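Worksheet for the structure shown next.
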Amino acid sequence: MEQLYEQRNKIIAAFIIAAFIGLFNETALNMAFVQLGIDFGKETSTIQWLTTGYLLTLGILVPVSAFLMQRFTTRQLFTASLVFSIAGTIISGIAPIFSILFIGRVVQAIGAAIIIPLMMNVMLLIYPIHKRGAAMGKIGLVIVFAPAVGPTIAGVILDRLSWHWIFWVALPFFFISLFVGLKFIQNVNEVKKVKFDIVSFIFSSIGFGGVVYGFSISGELGTFATTEVLISIIVGALALIIFVIRQLKLDQPMLNLRVFKYPMYILGLIIVLVGMMTILSTMVILPIYLQKVLLLAPVFAGLILLPGGIINAIMSVVAGNLFDKFGPKQMVPGGLILVISSLFVLRGIDANTSSYLIIALHIILFVGISLVMMPAQTNGLNELPRNLYADGTAIMNTLMQVTGAIGTAIAVTIMSISSSKSSGNAVNGMVEGVQHSITFGLIIAVIAFVLSFFVKNVRESKSIEVKNSVRNIH
């Protein structure tokens, strides 16, 4: 075990490279939608399925990760994830027609669905509780920074090369990650012969898949009030209710919902989900505003959002070290104050707003997010006993993907509805829509701020419990 602790940074490095490229893929292709529509002769609503299909695959497969982490070794799952990621990237890179590109995206998503919860579970197993903040800071760098810089890097690639190069640029990093992982990663989990419950998987897939699909198409259609959207969400919600009831009755559930007996886990989860909704909805709304209102080319729109992404990467690591020293009680409310302040000013942007102001507000927003996400996430997971780590990370990652898709869809739908109802010209309508979407983010951030005052430092509580146990023994 001592040797494992000595190599933990090398082990996590392999995961970070793979997860970074996996999450980069989630948003990078968005910048190429216009070019893809021209090349394949498809409408934007069809091209959007490259993202919707990716998110649907994550929503269906991430819940299964808790079972996989009990049934297979760490090295087996890591290798499988990289094989799927590499295969999906190659298929996407050579895709001559839209359907082949879609298949490549789904195969990529299978790899991402395995690697992200596996990375978090391994971190909890190989880092002691007093050093998890710094480790989660590195993971936070991946979870927030990768999707944030995806559009920027893609914009630069598209300025010089074709969309195929978005995949070819990513491919070498997957091979590097596979090489590093095979050299350093050891099996840290305990393999059990757990039974796979096919009924739970079916209801989980219908549930999470239905909800993600319903909200995703509402974003495309610009309204919630369609039969397809309502049926998808209602069927998904009913399937999730049946899934939850079944998990509570099974001796070996696919997802152990007993993680919800731990209040700091629940509170941390809610705050993390609000952060994820804010990040992904803002990352969709601001590029649209920069291109359609300020009339900037994709490459310049991407560059305006780059400083916030870079500073967020630095701050994620800083925040991790601060968490190990101070805990979450000051960091989470302080970070949310920055988020709320940034969104409050952003909701007033219009066609005359300076690009420099957007850069400054975007930086403040992402500094705040880095002070919120990692501490809330780590503190919540720290409360769980060791045997619930796999379930806790699987549930958190599943809901992050689902709420990210929901938050994005709600923001786009609000923007579309507001734009269509505006009495002014097209630009004024777009400005109104962007302002109302940002107001939605502001409201949920205020709710998270109120909840943040109930956060307690789990590490302190556990230290007190250990001291009391020692006293009782003596």
Side-chain angles (χ1 to χ4, degrees), residues 1 4 7-26 54 57-89 106-127 135-136 138-139 142-143 146 170 173-198 200-201 204-205 208 252-256 259 381 384 386-398 400-401:
M1 185 61 76
L4 187 65
Q7 291 193 340
R8 58 181 179 252
N9 288 331
K10 293 173 183 175
I11 293 169
I12 285 294
F15 280 105
I16 284 175
I17 297 167
F20 182 91
I21 301 300
L23 287 167
F24 161 82
N25 282 330
E26 192 172 320
Y54 194 94
T57 307
L58 290 176
I60 289 168
L61 291 183
V62 173
V64 187
S65 63
F67 163 79
L68 294 175
M69 284 186 276
Q70 293 178 73
R71 187 67 184 81
F72 300 99
T73 68
T74 309
R75 286 175 65 87
Q76 286 173 336
L77 288 176
F78 178 83
T79 305
S81 166
L82 267 294
V83 168
F84 277 113
S85 297
I86 290 168
T89 302
V106 170
V107 175
Q108 275 188 325
I110 295 171
I114 298 171
I115 199 70
I116 297 166
L118 179 65
M119 172 176 65
M120 291 179 66
N121 188 57
V122 168
M123 183 279 299
L124 291 169
L125 291 170
I126 66 175
Y127 280 84
M136 282 295 285
K138 295 169 189 172
I139 291 173
V142 169
I143 291 173
F173 292 98
F174 282 128
F175 280 110
I176 292 168
S177 176
L178 181 61
F179 173 77
V180 174
L182 290 176
K183 186 172 182 180
F184 294 110
I185 288 178
Q186 299 176 41
N187 295 321
V188 298
N189 61 328
E190 183 185 340
V191 177
K192 307 172 190 172
K193 286 193 174 179
V194 290
K195 184 181 176 184
F196 182 68
D197 183 41
I198 188 67
S200 292
F201 175 70
S204 167
S205 301
F208 289 114
Q252 288 186 342
M254 191 175 95
L255 275 180
N256 193 334
V259 294
L381 290 169
L384 300 178
R386 185 184 178 92
N387 65 307
L388 289 179
Y389 284 165
D391 298 283
T393 55
I395 289 169
M396 189 171 278
N397 279 283
T398 301
M400 282 170 70
Q401 293 299 330

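All values derive from a computational prediction rather than experimental measurement.
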For Pro117 and Ala112, which heavy atoms make the closest approach, and how far apart are they?
CD-O, 4.3 Å
Separation between CD1 (Ile395) and CG (Leu388), nearest 0.5 Å, reads 8.5 Å
Parallel, tilted or perpendicular: which fits the ring planes of Phe196 and Phe201, with parallel below 30° and perpendicular above 60°?
tilted
How far does CE of Met119 sit from CD1 of Ile16, to the nearest 0.5 angstrom?
7.0 Å
More than 12 non-hydrogen atoms from neighbouring residues, nucleotides or ligands closer than 6.0 Å to CZ on Phe84, yes or no?
no
For the atom pair OG (Ser65) and CZ (Phe72), what is the distance rounded to the nearest 0.5 Å?
13.0 Å
Closest heavy-atom pair and its distance - Ile17, Ser177
CG2-CB, 3.8 Å
Tell me which one of Ile116, Leu178, Ile86, Ile115 satisfies side chain to side chain contact (heavy atoms under 4.5 Å, CB included) with Ser81.
Ile115
Spatial distance of atom CZ (Phe174) from atom CZ (Phe20) [nearest 0.5 Å]:
11.0 Å
Side chains of Asp197 and Phe67, heavy atoms from C-beta outward: is any pair under 4.5 Å?
no
Can you name the closest pair of heavy atoms from Leu58 and Ala113 and give their distance?
CD2-N, 3.6 Å
Quick check: closest heavy atoms across Gln186 and Thr74, and the distance to 0.1 Å?
O-CB, 3.7 Å
For Lys195 and Gln252 the tightest heavy-atom approach is N-OE1, 3.2 Å
Answer yes or no: is there a donor N or O on one side and an acceptor on the other, between the side chain of Thr393 and the main chain of Tyr389, under 3.5 Å?
yes
To the nearest 0.5 angstrom, please state how far the CD atom of Gln108 sits from the CD1 atom of Ile21.
10.5 Å
Please check: side-chain N/O of Thr79 versus main-chain N/O of Arg75, any donor-acceptor pairing under 3.5 Å?
yes
Nearest 0.5 Å please: distance from the CG atom of Asp391 over to the CD atom of Gln70.
6.0 Å
